[in-house]
2 protein chains.
Amino acid sequence: MTDTAELAGELRLAVHRLTRRLRQENPPDDLTLSQISALAVVFREGSLTAGDLAAAEQVRPPSMTRMIAALETAGMVERTTNPADARQVMVSITERGRSTMETYIRLREQWLTEQLADLSGDELATLQRACDLLVRLAGR
Amino acid sequence: MTDTAELAGELRLAVHRLTRRLRQENPPDDLTLSQISALAVVFREGSLTAGDLAAAEQVRPPSMTRMIAALETAGMVERTTNPADARQVMVSITERGRSTMETYIRLREQWLTEQLADLSGDELATLQRACDLLVRLAGR
DNA sequence: TATTGTTATACTCTATAACTATA
DNA sequence: TATAGTTATAGAGTATAACAATA
């Protein structure tokens with residue numbers, strides 16, 4: 001039987017290490033990984049409020065304000081006030097943001113992709129199942 | 001067959017999410033997760049140089065200098081100059097550091113442990129195998 | 001009064017570049 | 001001259017508290 005406390009420690013360490021390693025690989029167009037992650041939501045979902053975007057990314061509103069400001073400065077998204085409720089800010093992707101995402105999807109996670117290419121089919125399947133589990137855990 | 005580029009994207013997202021979620025759970029004695037991680041190495045390995053500790057944790061020397069300073073302030077480790085080579089700083093765990101680690105190991109990763117308790121044996125086995133793979137990937 | 005978002009502030013984590021001390 | 005570590009500086013990523021605007 002598996003010792004869950006032991007596994008928790010190993011999992012935390014493993015995730016910590018990979019996060020550090022991934023940060024060393026530069027995403028395209030000088031966007032950070034967090035910015036890419038938020039932009040991907042706008043790309044997928046279309047126009048949505050700042051609050052919904054914060055919820056989707058599981059960050060606090062001030063953190064999302066920062067990310068949106070950075071993405072706006074980079075010309076990736078536009079902020080507009082919702083006419084139906086002037087408290088809300090609608091965030092939508094620009095042409096440039098769309099093309100950046102399309103390029104990014106094509107070259108996605110290049111470093112990680114290269115590393116994965118060395119793994120066996122079994123190992124890839126394990127990681128695939130693990131991804132779903134990690135996202136589930138993070139959503140608690 | 002698995003699309004490794006697709007999987008790379010999912011894996012990056014999953015790891016990102018879990019890192020953020022874990023950061024919300026407070027480690028004991030006001031130590032951060034990174035500090036606990038470094039302290040665990042000193043606890044396991046015994047006295048070692050700052051450089052070896054940086055290598056073990058896969059961070060740059062200045063980052064380790066910071067971590068060691070924080071751990072020293074918290075009374076968890078001691079820094080001493082190596083008499084055999086006065087350039088080197090030896091880092092060793094204090095009584096307080098040892099007892100903190102022992103408590104931590106006992107309560108380790110409580111939140112994560114609780115979440116894991118809800119998973120099936122199959123799912124735990126998947127995560128166990130995934131841990132080894134993630135650490136291997138991070139080590140490239 | 002409640003909700004949405006922003007600003008102000010602060011802390012962790014990490015890096016590169018430049019420096020000091022020792023070998 | 002080379003190595004070990006530190007200091008100075010900077011930037012990403014995030015949070016809480018206080019605030020303004022709108023409902």
Side-chain angles (χ1 to χ4, degrees), chain A residues 12-13 15-27 29-39 47-74 77-91 138, chain B residues 12-13 15-27 29-39 47-74 77-91 138:
Chain A
R12 219 253 327 124
L13 178 68
V15 163
H16 193 198
R17 287 275 164 88
L18 189 56
T19 294
R20 279 208 283 239
R21 184 64 187 79
L22 283 171
R23 188 160 32 213
Q24 292 168 16
E25 300 299 320
N26 271 343
D29 285 275
D30 292 326
L31 296 184
T32 66
L33 291 172
S34 288
Q35 286 163 19
I36 284 281
S37 183
L39 184 59
S47 180
L48 73 179
T49 71
D52 287 347
L53 190 46
E57 285 291 283
Q58 295 180 301
V59 298
R60 301 293 176 186
S63 303
M64 188 46 68
T65 294
R66 290 280 174 102
M67 287 186 208
I68 292 170
L71 286 171
E72 198 181 23
T73 300
V77 301
E78 276 173 351
R79 293 163 67 264
T80 52
T81 300
N82 184 355
D85 182 342
R87 291 173 306 181
Q88 292 185 333
V89 166
M90 305 303 296
V91 181
Chain B
R12 219 253 327 126
L13 177 68
V15 163
H16 194 197
R17 287 274 164 88
L18 189 56
T19 294
R20 280 207 283 239
R21 184 63 186 79
L22 282 171
R23 187 161 30 214
Q24 293 168 15
E25 300 300 319
N26 270 344
D29 285 276
D30 293 327
L31 296 183
T32 66
L33 292 170
S34 288
Q35 287 163 18
I36 284 282
S37 182
L39 184 59
S47 179
L48 73 178
T49 71
D52 287 347
L53 189 47
E57 285 291 281
Q58 295 180 299
V59 297
R60 301 292 176 185
S63 303
M64 188 45 68
T65 293
R66 291 283 173 103
M67 287 187 208
I68 293 169
L71 287 171
E72 198 182 22
T73 299
V77 301
E78 276 174 350
R79 294 163 67 263
T80 52
T81 299
N82 184 356
D85 182 343
R87 292 173 305 182
Q88 292 185 333
V89 166
M90 306 302 296
V91 181

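Letters A, B, ... mirror the listed sequences (proteins, then strands); counts begin at 1. The structure displayed is predicted, hence computed values, not measured ones.
When rounded to the nearest whole Å, the span between CZ of A/Arg20 and P of C/dC13 equals 10 Å. Note: CD (A/Gln35) to P (D/dT14) measures 10 Å, nearest angstrom. Going from atom CD of B/Glu25 over to atom P of D/dA15 covers 13 Å, rounded to whole Å. The CZ-C1' distance, from A/Arg60 to C/dA8, rounds to 18 Å in whole Å. One can place CZ of A/Arg21 at 11 Å from P of C/dA15, the figure rounded to the nearest angstrom. With rounding to whole Å, B/Asn82 atom CG is found 17 Å from D/dT3 atom P. If you take CG of B/Leu31 and C1' of C/dT12, they are 13 Å apart, rounded to a whole angstrom. Across the protein-nucleic acid pair, A/Arg17 atom CZ and C/dT14 atom C1' stand 15 Å apart, rounded to whole Å.
For the OP1/OP2 pair of D/dG13 and a distance below 4.0 Å, the side-chain nitrogens and oxygens of A/Ser34 include at least one atom meeting the criterion. Note on A/Thr65: a side-chain N or O is less than 4.0 Å away from OP1 or OP2 of C/dT6. Checking the phosphate oxygens (OP1, OP2) of C/dA15, no side-chain nitrogen or oxygen of A/Arg23 falls inside 4.0 Å. Residue A/His16 places at least one side-chain N or O under 4.0 Å from the OP1 or OP2 atom of C/dT14. The side chain of A/Thr32 contributes an N or O atom lying less than 4.0 Å from OP1 or OP2 of D/dG13.
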### side-chain contact (heavy atoms from CB on, under 4.5 Å) evaluation trace for B/Val59 with B/Met67
CA-CA 10 Å; B/Val59 297; B/Met67 287 187 208; 4.1 Å; yes

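Side-chain contact between B/Ile68 and B/Arg79: present, with at least one pair of heavy atoms (C-beta onward) separated by less than 4.5 Å. Counting heavy atoms from C-beta outward, B/Thr49 and B/Val91 have side chains that stay 4.5 Å or more apart.
Looking at every heavy atom in both residues, B/Gln58 comes nearest to A/Arg17 through OE1-CD, 2.7 Å.
To the nearest 0.5 Å, atoms CG (B/Leu39) and OG (B/Ser34) are separated by 12.5 Å. Note that CE of A/Met90 and CG of A/Leu53 are 10.5 Å apart. Values are rounded to the nearest 0.5 Å. To the nearest 0.5 Å, the span separating CD on B/Gln35 from CD on B/Glu57 amounts to 11.5 Å. Note that the CG atom of B/Leu18 and the CG atom of B/Leu22 stand 4.0 Å from one another [nearest 0.5 Å].
Toward the 5' end of DNA chain C, the nearer of the two residues B/Met67 and A/Arg79, judged by each one's closest nucleotide, is A/Arg79.
Counting only residues at least two apart or in different chains, salt bridge (charged side-chain N to carboxylate O under 4.0 Å, His left out) contacts with residues 61-71 of chain A are absent.
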Strictly under 3.5 Å: I want the nitrogen or oxygen pairs between protein and nucleotides 9-11 of chain D, one per line.
{"from": "D/dT9", "atom 1": "O4", "to": "B/Arg66", "atom 2": "NH2", "distance (Å)": "2.7"}

Could you list the protein-to-nucleotides 2-4 of chain C atom pairs, N/O on both sides, closer than 3.5 Å?
{"from": "C/dT3", "atom 1": "O4'", "to": "A/Arg87", "atom 2": "NH1", "distance (Å)": "3.4"}
{"from": "C/dT3", "atom 1": "O2", "to": "A/Arg87", "atom 2": "NH1", "distance (Å)": "3.2"}

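In this structure, of C/dC13, C/dA23, D/dT14, it is C/dA23 that holds the atom nearest to the side chain of B/Ala86.
If you check every strand for non-hydrogen atoms under 4.0 Å, B/Met64 touches nothing.
A donor-acceptor contact closer than 3.5 angstrom is absent between the side chains of B/Thr19 and A/His16.
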